[in-house]
Amino acid sequence: MTVWIIFLIWQEMQHWLIVRQQFLISKHHSKQPQASTVLITGIPKDYMDEKRLEQLFSSLPGGVKRIWLARYVSTAEGADSRNLREMPGYYERRIKACQMLEKAQVTLIKLAQKGKQEREKKGDDKMEIDNDIPLVDQLVPRSKRPTFTQKPKWAPFGLGWLGIGQKIDKIDWARKEIALCTQALESGREQLQSDVNSVGAEKDYYPPLSSAFVHFNHQIAAHMAFQCLPHNRPYRMAERYIEQAPQNVVWRNLSLNPYESKIRMAASYAITAGMILVWAIPVAFISALSSITGLISTYPWLDWLDFLERPGFGYTLLKGVVSGVLPPVLLALIMMVLPVILRRKSPLHSCTDDRTVHATGHTI
């Protein structure tokens, strides 16, 4: 039976290799940028230059079409502040200001609607409009508008609960903050685009990371660059990735140097081995719950569970739930937590998340 299973796996692997090869060289896929682009990590500083990298791979068929030096880390939470300098701070400030402005305007609308309903109850449906005063100030007086207490410059956190700080109108402050951050972000993006378009990295305001995307003119050149040894120093430019979709790249790891990546890999393996040992403790305890009578007789500190041995339908039902239903439920819950932990731990050292890519290159 084992020999038959191994033979089937061997045959399926041969078929899989043929299907994968046919997909990679198909017209639809070979024209995509990812088919002829190689992500190279661990690039030393003397090679973090478009011209140097282009010269390095110029002997390959067709040569290099374009090179992108990885200069920033794009994540859901923002960007890597070590490379974008002040831009992540402005981005976070603008997000918070937008959220504050949205909430404050909703509160202002509610106050205006509440004032209208109070006037209707009093029989005063009409309202005199003063053209010299903004309409919103006539509907809701300035004293009733939403405010917040600004943190003093010398304080590490807000002290509004102590009455320390200046009360500021939320809407006015948020609008000014959004305008300020937007202007700073636009200026920073222009400088970043200028750095990307310029050749070299010596005068760049936003320095590049130790990774680069090399786009070749021919697909075969990308595969040759993926398999060659581009640098003589150990671990330098050793990690190369091909056929990677943008959503498959772990952007926050592009700034890792080779030694830091190896250390993270060793730590990841150590954590996995430790989890295997530690995970056996709760699993063994949950499995032992199926024999609650044996646990009570073996461990005296569980004598308080003797009430489960009492006669009666209720005690019998409770004992059946504890020994029959509770163990598989707890095992299912604890096994649901394990993949989440492993999933968060796995991309600590790698620059790509290969687990989400199908054999044909499609993302699952």
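As a basis for the values below, the full set of heavy atoms in this structure was taken, side chains included, without hydrogen atoms, waters or symmetry mates.
- Between A221 and P61, the shortest heavy-atom distance links the atoms CB-O, 3.2 Å.
- In this structure, the side chains of F213 and V38 stay at 4.5 Å or more apart for every pair of heavy atoms.
- I43 places a side-chain heavy atom less than 4.5 Å from the side chain of M48.
- Between W16 and E12 the shortest side-chain heavy-atom distance does not fall below 4.5 Å.
- Closest approach of K144 to L111, counting heavy atoms only: O-CD1, 3.2 Å.
- Inspection of the E243 and H29 side chains reveals an N or O donor paired with an N or O acceptor under 3.5 Å.
- In plain terms, the two heavy atoms of G62 and N217 that are nearest each other are O-ND2, 2.7 Å.
- Scanning all heavy atoms of the two residues, the minimum distance from A225 to R240 falls at O-NE, 3.3 Å.
- Nearest heavy-atom pair, S211 versus G42, reported as atom, atom and distance to 0.1 Å: OG-N, 4.5 Å.
- Remark: the backbone N or O of E190 is not paired with any side-chain donor or acceptor of S194 at under 3.5 angstrom.
- A salt bridge is defined here as a Lys NZ or Arg NE, NH1 or NH2 lying under 4.0 Å from an Asp or Glu carboxylate O, and D172 with R142 meets this definition.
- Membership of the apolar cluster around W173 extends to M100, F148, I168, as traced through chained side-chain contacts below 4.5 Å between ILVMFWY residues.
- Not one N or O on the side chain of S261 forms a donor-acceptor pair closer than 3.5 Å with the backbone of N257.
- In this structure, I276 is not a member of the same hydrophobic cluster as M335, with clusters built from ILVMFWY side-chain heavy atoms closer than 4.5 Å.
- You'll find the side chain of P234 reaches within 4.5 Å of the side chain of Y259, heavy atoms only.
- Separating the OG atom in S58 from the NZ atom in K51 is a distance of 13.5 Å, to the nearest 0.5 Å.
- A continuous path of ILVMFWY side-chain contacts below 4.5 Å connects V140 to L135, so both sit in one hydrophobic cluster.
- Remark: I178 CD1 to L101 CG distance equals 4.5 Å, nearest 0.5 Å.
- The side-chain heavy atoms of M237 and L53, taken from C-beta on, include a pair separated by under 4.5 Å.
- Between I67 and E54, some side-chain heavy-atom pair lies under the 4.5 Å cut-off.
- Residue E239 holds its CD atom at 5.0 Å from NZ of K262, rounded to the nearest 0.5 Å.
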Please lay out, stage by stage, how K65 and F216 fare under the test side-chain contact (heavy atoms from CB on, under 4.5 Å). CA-CA 5 Å; K65 185 176 183 179; F216 294 89; over 6 Å; no
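- Side-chain contact between V250 and N253 is present, with heavy atoms from C-beta onward closer than 4.5 Å.
- In the hydrophobic cluster analysis, where Ile, Leu, Val, Met, Phe, Trp and Tyr join through side-chain heavy atoms closer than 4.5 angstrom, L17 is grouped apart from I25.
- Of the possible donor and acceptor atoms, none in the side chain of Q99 sits under 3.5 Å from a partner among the backbone N and O of A97.
- Heavy atoms of other residues, nucleotides or ligands lying less than 6.0 angstrom from CG of L108 number more than 12.
- When the side chains of ILVMFWY residues are joined at heavy-atom separations under 4.5 Å, either directly or via intervening members, I109 and V106 end up in two distinct hydrophobic clusters.
- Looking at every heavy atom in both residues, P44 comes nearest to H231 through CG-NE2, 3.7 Å.
- Two residues are said to be in side-chain contact when any heavy atoms from C-beta on lie closer than 4.5 Å; M13 and W10 fail this criterion.
- The pair E177-R94 does not count as a salt bridge, with every side-chain nitrogen at least 4.0 angstrom from each carboxylate oxygen.
- Taking the six-membered ring where the residue is Trp, the centroids of H28 and F23 are separated by 6.0 Å or more.
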Test log, rule side-chain contact (heavy atoms from CB on, under 4.5 Å), inputs V214 and T37: CA-CA 5 Å; V214 184; T37 302; 6.0 Å; no
Please test I242 against H223 for side-chain contact (heavy atoms from CB on, under 4.5 Å), starting from the C-alpha separation and ending with a verdict. CA-CA 7 Å; I242 196 172; H223 284 266; 3.8 Å; yes
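- The residues E260 and R264 are annotated as salt-bridged, a charged nitrogen and a carboxylate oxygen being separated by less than 4.0 angstrom.
- With Q32 contributing its side chain and A245 its backbone, the two residues share no donor-acceptor pair below 3.5 Å.
- Annotation: the span from S143 atom OG to D137 atom CG amounts to 10.5 Å, rounded to 0.5 Å.
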Do I40 and F57 pass the side-chain contact (heavy atoms from CB on, under 4.5 Å) test, and can you show the C-alpha distance, the side-chain angles, and the key distance before you say yes or no? CA-CA 12 Å; I40 304 175; F57 297 106; 3.5 Å; yes
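- S36 and H218 share no donor-acceptor pair across their side chains, judged by distance under 3.5 Å alone.
- Separating the CG atom in L192 from the CG atom in L185 is a distance of 11.5 Å, to the nearest 0.5 Å.
- Counting only distance, with no hydrogens or angles, the side chain of T107 and the backbone of K103 share a donor-acceptor pair below 3.5 Å.
- Under the 4.5 Å side-chain heavy-atom criterion for grouping Ile, Leu, Val, Met, Phe, Trp and Tyr, V337 is connected to M275 within one hydrophobic cluster.
- In this structure, R189 CZ and T182 OG1 are separated by 8.5 Å, a value rounded to the nearest 0.5 Å.
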